[in-house]
Asks: 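Once you've had a glance at the structure underneath, I'll fire off some questions.
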Amino acid sequence: MRGRFISIEGPDGGGKSTQAKRLVRALTDSGKQVLYTREPGGTPTGDLIRGILQHDTSGEAIHPETELLLFAASRAQLVQCVIKPALARGEWVICDRFIDSTTAYQGYGRGFPVDVVKSINEFATQALLPDLTLLLNVDVSLGAQRTHRRNADIGQVEDRFEREDDAYLTRVRDGYLALAEASPERFRLIDASRDEDSVFETVWALISELERSVA
Ligand code: TMP
């Protein structure tokens with residue numbers, strides 16, 4: 001039985017990482033081999049790139065073009081070294097962000113032509129697409145509130161992306177909605193303004209539906 005590739009996407013503050021971890025636990029409990037990974041990162045090279053992108057660890061400002069290509073570089077390494085081998089072993093792969101993050105944040109957000117971003121994604125992934133993309137949709141203001149609260153709870157400083165203004169984050173959110181509308185066969189839109197348990201109920205129902213459809 002071949003593994004499945006699920007990406008979890010959405011604006012910041014939608015609870016992606018929490019839902020991804022719950023999903024990994026539930027799938028593991030149901031007897032599946034599951035690999036959790038995230039972007040940017042997920043490999044030693046990707047984790048170094050994450051530091052540069054999130055916290056400017058190179059010590060210089062990152063140009064938008066460089067930013068886009070660094071996300072793509074991190075993804076290429078992750079696909080080749082982690083995701084493809086896991087799928088070949090028949091495992092389920094749960095990826096916290098994937099191609100659609102770049103299309104939403106760098107394409108719609110920064111204003112790079114969306115078709116150019118999509119070609120770069122395709123090159124980086126060798127056209128690998130998730131079987132299913134769960135889009136955790138949340139309003140920009142609620143997302144920002146949750147992000148600030150989480151940072152305060154764990155004593156973390158805002159990263160480069162969390163310092164972006166509302167106009168940028170609104171373009172990202174609208175970009176995600178446009179992507180979901182354009183590929184309804186791959187995307188499932190989930191109202192992530194609800195509490196964690198209700199969101200997970202929906203996530204689990206969608207995963208069960210996917211399993212039934214490919215069984
Ligand atoms: P995280 O907070 O979900 O770990 O993601 C880190 C930030 O990186 C988040 O604000 C979204 C941003 N991002 C992009 O701008 N483009 C991308 O391709 C990815 C994967 C993340």
Side-chain angles (χ1 to χ4, degrees), residues 5-14 16-17 20 37-43 45-56 58 60-84 93-138 140 143 147 159-190 192:
F5 178 22
I6 315 289
S7 62
I8 306 195
E9 291 278 2
D12 299 75
K16 280 180 298 19
S17 306
T37 190
R38 68 166 182 178
E39 286 203 352
T43 63
T45 304
D47 286 336
L48 286 173
I49 293 174
R50 186 182 181 89
I52 297 173
L53 286 167
Q54 246 184 328
H55 300 295
D56 298 307
S58 65
E60 64 174 347
I62 312 276
H63 274 276
E65 286 81 356
T66 316
E67 178 189 82
L68 167 53
L69 293 170
L70 284 173
F71 278 117
S74 170
R75 179 164 309 128
Q77 189 76 1
L78 185 67
V79 166
Q80 294 290 0
C81 300
V82 176
I83 297 179
K84 280 193 169 174
V93 175
I94 310 300
C95 197
D96 189 341
R97 297 194 179 281
F98 195 59
I99 45 171
D100 305 300
S101 284
T102 312
T103 317
Y105 283 80
Q106 280 65 51
Y108 289 96
R110 299 258 187 256
F112 286 118
V114 166
D115 55 336
V116 171
V117 177
K118 285 186 174 174
S119 327
I120 292 172
N121 281 340
E122 201 175 325
F123 175 75
T125 59
Q126 299 182 315
L128 177 72
L129 279 175
D131 295 296
L132 193 68
T133 296
L134 303 174
L135 174 52
L136 299 186
N137 185 32
V138 71
V140 167
T147 306
D159 66 32
R160 207 163 61 83
F161 293 97
E162 291 160 355
R163 292 194 295 269
E164 293 290 348
D165 62 21
D166 280 3
Y168 173 79
L169 295 173
T170 301
R171 288 196 299 278
V172 169
R173 206 290 281 257
D174 293 349
Y176 267 126
L177 295 179
L179 289 172
E181 202 174 297
S183 304
E185 69 296 342
R186 176 164 68 86
F187 275 91
R188 297 291 178 276
L189 188 60
I190 299 175

Asks: Roughly how far, to the nearest 0.5 Å, is CG of L68 from CD1 of I120?
Replies: 4.5 Å
Asks: Please answer whether the main-chain N or O of F98 pairs with a side-chain N or O of E9 as donor and acceptor at a distance below 3.5 Å.
Replies: yes
Asks: Within the distance-only criterion (no hydrogens, no angle test), does the side chain of R186 pair as donor or acceptor with the backbone N or O of P130 below 3.5 angstrom?
Replies: no
Asks: Taking it one step at a time, do F112 and E65 satisfy side chain to side chain contact (heavy atoms under 4.5 Å, CB included)?
Replies: CA-CA 9 Å; F112 286 118; E65 286 81 356; 4.0 Å; yes
Asks: How far apart are the closest heavy atoms of D56 and R163, and which atoms are they?
Replies: OD2-NH2, 3.9 Å
Asks: Is there a donor-acceptor pair closer than 3.5 Å between any side-chain N or O of R97 and the backbone N or O of P40?
Replies: no
Asks: List the residues meeting ring-ring contact (aromatic ring centres under 6.0 Å, His included) with Y105, not counting sequence neighbours, and say none if there are none.
Replies: none
Asks: Verify the distance criterion only: is there a donor paired with an acceptor across the side chains of Y176 and T103 at less than 3.5 Å?
Replies: no
Asks: May I ask you to check whether over 12 heavy atoms, not counting those of K118, lie within 6.0 Å of atom NZ?
Replies: no
Asks: With rounding to the nearest 0.5 angstrom, report the CD1 to CG distance, I6 to D96.
Replies: 13.5 Å
Asks: Any donor-acceptor pair under 3.5 Å linking the side chain of T147 with the backbone of G143?
Replies: yes
Asks: Checking side-chain contact (heavy atoms from CB on, under 4.5 Å) between R75 and each of I99, T43, I83, L70, which is the one that passes?
Replies: I99
Asks: For the OG atom of S7 and the CD1 atom of I94, what is their distance to the nearest 0.5 Å?
Replies: 9.5 Å
Asks: Might you point out which heavy atoms bring G14 and A192 nearest each other, and give the distance in Å?
Replies: O-CB, 3.5 Å
Asks: Hey, are the side chains of D100 and N121 touching, using non-hydrogen atoms and a 4.5 Å cut-off?
Replies: no
Asks: Which pair of heavy atoms, one from A124 and one from A72, lies closest together, and at what distance?
Replies: CB-O, 3.5 Å
Asks: Is there a donor-acceptor pair under 3.5 Å between the side chain of T37 and the backbone N or O of C95?
Replies: no
Asks: Using only atom types and a distance under 3.5 Å, with no angle test, would you say the side chain of D131 pairs donor to acceptor with the backbone of F5?
Replies: yes
Asks: Rounded at 0.5 Å granularity, tell me how far CD1 in I49 sits from OG in S58.
Replies: 12.0 Å
Asks: Which pair of heavy atoms, one from K84 and one from Q126, lies closest together, and at what distance?
Replies: NZ-OE1, 2.7 Å
Asks: Treating T66 as the side-chain partner and I62 as the backbone partner, does any N or O pair qualify as donor plus acceptor under 3.5 Å?
Replies: no
Asks: Between OG1 of T133 and CD of E185, what distance do you get to the nearest 0.5 Å?
Replies: 9.5 Å
Asks: Could you give the distance from CG (N137) to CZ (R188), rounded to the nearest 0.5 Å?
Replies: 15.0 Å
Asks: If you define the side chain from C-beta out and look only at heavy atoms, does anything of D174 sit under 4.5 Å from Y108?
Replies: no
Asks: Taking the side chain from D47 and the backbone from G42, do they hold a donor-acceptor pair closer than 3.5 Å?
Replies: yes
Asks: Determine, stepwise, if the pair R173 / D166 fulfils salt bridge (Lys or Arg N to Asp or Glu O under 4.0 Å).
Replies: CA-CA 10 Å; R173 206 290 281 257; D166 280 3; over 6 Å; no
Asks: Identify, with sequence neighbours excluded, every residue that meets side-chain contact (heavy atoms from CB on, under 4.5 Å) alongside A167.
Replies: D165, R171
